[in-house]
J.: 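This is the structure I want to talk about, given as C-alpha cells.
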Amino acid sequence: MTRFRIAIIGAGPAGFYAAEHLLASSRTVDVDMYDRLPTPWGLVRAGVAPDHPKIKSVSDQFAEIAAHPRYRFFGNVEIGRTVDRGALLARYDAVLYAVGARAERLLGVEGEDLAGSLGASDFVAWYNGHPDLAGLEPDLSGTHAVVVGNGNVALDVARILLLPQHILERTDMADHALAALARSTIRHVTILGRRGAAQAAFTTSELREIVGIDDLSVTIQSDDLVAPADLSPMELRRVQRNLAVLEQARGAARAGSQRSLAFRFLRAPTAIRGDGRVQEVEVGVNRLEPGEPGVRAVDTGTRETLPADLVIRAVGYRGCALPGVPFDETSGTIPHLAGAVLSGEREFVAGWIKRGPSGIIGTNRACAVETAETLLASLSPTGPRAVPARAIEDWLAGSCPDHIDDSGWSCIDRHERSMGQACARPRVKLVTVQDMVAAARRQGVGTAPHSGPPGP
Ligand code: NAP
C-alpha cells in the first residue's frame, strides 16, 4: 500500500486535530509536525489563560495523538527562516499550514505606540511564558488600566490584572509574570466596548467568572441592557445570558473594595495621551446604526477622558504571511477552497490562518477535519513520492541542529512538571529557547534521532 508523508506546520489545536484525522484515515499517512517553538500545543500553552486548567487539559488529547507511531514532532524549526517552503515540498507529499494568527490588530489612534500601551497578544504571551515575549516587562506600577475590546481575550487580560495573587500562584503562569503581578499596583480596570453590551463578543461563563472575583467592585455603564429582537435563537440566548449577568453585577455593586472593574459600552479610544508614556485615554462616545451585518458603532463626536497608566488593546488577532505562500492581506488569511490553498502546490491550511481568529479551541476540529478530508482526497499514488523518514531526520540534523524531537519535548515537559510538583503547580515553564534546548539535552535524549518505527 502506498504510504504518504505529510508535514503539518504549527503544533496548535488545528494542527493536532488535522493530524488526528489524517492518522485515522484508511490511507497510510505519516505525519511530521513542525513548530517554530521547541514546545507543542500552540495557544493552549501560550494563549489560554493560566487560571483555566480545564481548557488547557485538551493538551492530554494532543499528547494521545502525538503517541501515534506514525506521528513525529520537530520543534524549534521555523518555516520561512530555518527551513523554506520549497525544501518541505521537495520532501513531503503535502504540506498543511496551521500556524494561527499571532499578530495583533491595531486601533489606528494617536498615542497607540506610547510606552504603557500594549497589544493583548504580547501581554498574553508574556504572562504565559512565550519565549518571544518573556522580556516584555510591562509597567504595572500605576493604578488604572484600560482594556480595549469586548471579546474573551479582553476578559482574560482584565481578569489576570485583577485576580488575587493566591489564585495566580497555583497556576502555570510564567514566573516572571507572577513576580510582576505580585508587585502590581493596578487596582482599577476599565473595559471599553465600541458597541453596546448586547453586541459584546465575550461568552457568558467568562463574563460570570470576572464579575465573580472576590472583593471586586463592578460597575456597568450602559443605559440599555436589552437584547435586539433580530437575533437568531441561539445568539439571542447567549446575549440574554450575558445581559442578565451584567444586570445582576450592576445590582450587586460592592462598596469598600480595593479593586474595581468598570464596563463602559459604546465607547472607543480616539487618542492615547501622555508625556512620554500613557497617562490618559480620550474616549469617543458612539451610537449604534444599522450596518452589514448587525449594527455598527458611529462616533457622536462627544469625548470623555479616562485616567490610564496602562492600555491593553484586545481588539483581535491577525494572521501573518508565510514566505512564498499565497496570502490575503485584507483578511490576514491564506486563501483556500475547502482547505486547499488557492494557487498552492500540494498545500493546505487549517485553523485561524484559514478562517480568521475566531471560535473556541473545539471550533478547530471541524475546520481541520474539512482540510484533512480535502488533503486525503488529493493524494495520488502516482504523485511525487515523499522522502524516507530517516532522510528527513538527516536533513534536519544538518540544517537545524538545535531542533527538538518528541523525546526532547518529553524531557522539557517532564522537567517543567517536576519543577511544578515541588511547589504544587501544574508546571513551572521554561521561558527561553536556550533553556528549553538545554533541558532537552541535559536529560540525554533531547535532539537524538527519532527512535520510532522506521518509515518507508
Ligand atoms: P473577538 O472575540 O473577535 O473580540 C474582539 C473585540 O474587539 C470585539 O469586541 C470587537 O468589537 C473589538 N474591536 C475590534 N476592533 C476594534 C476597534 N478598532 N476599536 C475597538 N474595539 C474593537 O477576539 P478576541 O477577544 O481576540 O478572541 C479571539 C477568539 O478567541 C474568539 O473566538 C474568542 O472567543 C476566543 N477565546 C476564547 C476564550 C475562552 O473560551 N475562554 C479565551 C480567549 C479567546 P466589534 O464586535 O464591534 O467588532
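Counting starts at 1 for both ligands and their atoms, following the listed order.
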J.: So is Gly193 in contact with ligand 1, going by heavy-atom distances below 4.0 Å?
T.: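 It does not; every heavy atom stays at 4.0 Å or beyond.
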
J.: Who's the nearest protein heavy-atom neighbour of atom 25 (O) of ligand 1, and how far?
T.: Val153 N, 3.1 Å

J.: Give a yes or no on whether Glu235 atom CD has more than 12 heavy-atom contacts from other residues, nucleotides or ligands under 6.0 Å away.
T.: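 Buried by this count: over 12 neighbours within 6.0 Å.
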
J.: Considering the heavy atoms of Pro357, write down every atom of ligand 1 situated less than 4.0 Å from one of them.
T.: 28 (C), 29 (C)

J.: If you have a sec, work out which protein heavy atom is nearest atom 32 (O) of ligand 1 and how many Å separate them, to one decimal?
T.: Gly359 N, 2.6 Å

J.: Only heavy atoms of Asp156, strictly under 4.0 Å: list the atoms of ligand 1 that pass.
T.: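 So the atoms of ligand 1 that pass are 42 (C), 43 (C).
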
J.: Provide the number and element of each atom of ligand 1 under 4.0 Å from a heavy atom of Ala314.
T.: 6 (C), 7 (O)

J.: Can you confirm whether more than 12 heavy atoms, excluding those of Glu289, are under 6.0 Å from its CD atom?
T.: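 Yes, CD of Glu289 has more than 12 neighbouring heavy atoms, counting only those of other groups under 6.0 Å.
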
J.: If the contact criterion is a heavy-atom separation under 4.0 Å, does Ile55 count as touching ligand 1?
T.: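 Yes.
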
J.: Are any of the heavy atoms in Ala268 under 4.0 Å away from ligand 1?
T.: no

J.: Determine, for Arg187 against Asp309, whether the closest basic-nitrogen to carboxylate-oxygen distance falls under 4.0 angstrom.
T.: no

J.: For Glu206, counting its heavy atoms only, list the atoms of ligand 1 lying under 4.0 Å from any of them.
T.: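 Atoms satisfying the 4.0 Å criterion: 39 (C), 40 (O), 41 (N).
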
J.: Using a strict cut-off of less than 4.0 Å between a Lys/Arg side-chain nitrogen and an Asp/Glu carboxylate oxygen, indicate whether Arg425 and Glu416 qualify as a salt bridge.
T.: no

J.: Pull out every atom of ligand 1 sitting under 4.0 Å from any heavy atom of Asn150, numbered as shown with elements.
T.: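 Checking each atom against Asn150, I get 6 (C), 8 (C), 9 (O).
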
J.: What atoms in ligand 1 come closer than 4.0 Å to a heavy atom of Gly151?
T.: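 What qualifies from ligand 1 is 2 (O), 4 (O), 6 (C), 9 (O), 25 (O).
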
J.: Check each of Ile191, Val283, Thr190, Val146 against Arg267 using the side-chain contact (heavy atoms from CB on, under 4.5 Å) test, and report the only one that passes.
T.: Val283

J.: Does the ring centre of Phe62 sit less than 6.0 Å away from the ring centre of Phe73?
T.: no

J.: Is Arg72 salt-bridged to Asp406, cutoff N-O under 4.0 Å?
T.: no

J.: Would you mind running through ligand 1 and noting each atom that sits below 4.0 Å from a heavy atom of Ser358?
T.: 32 (O)

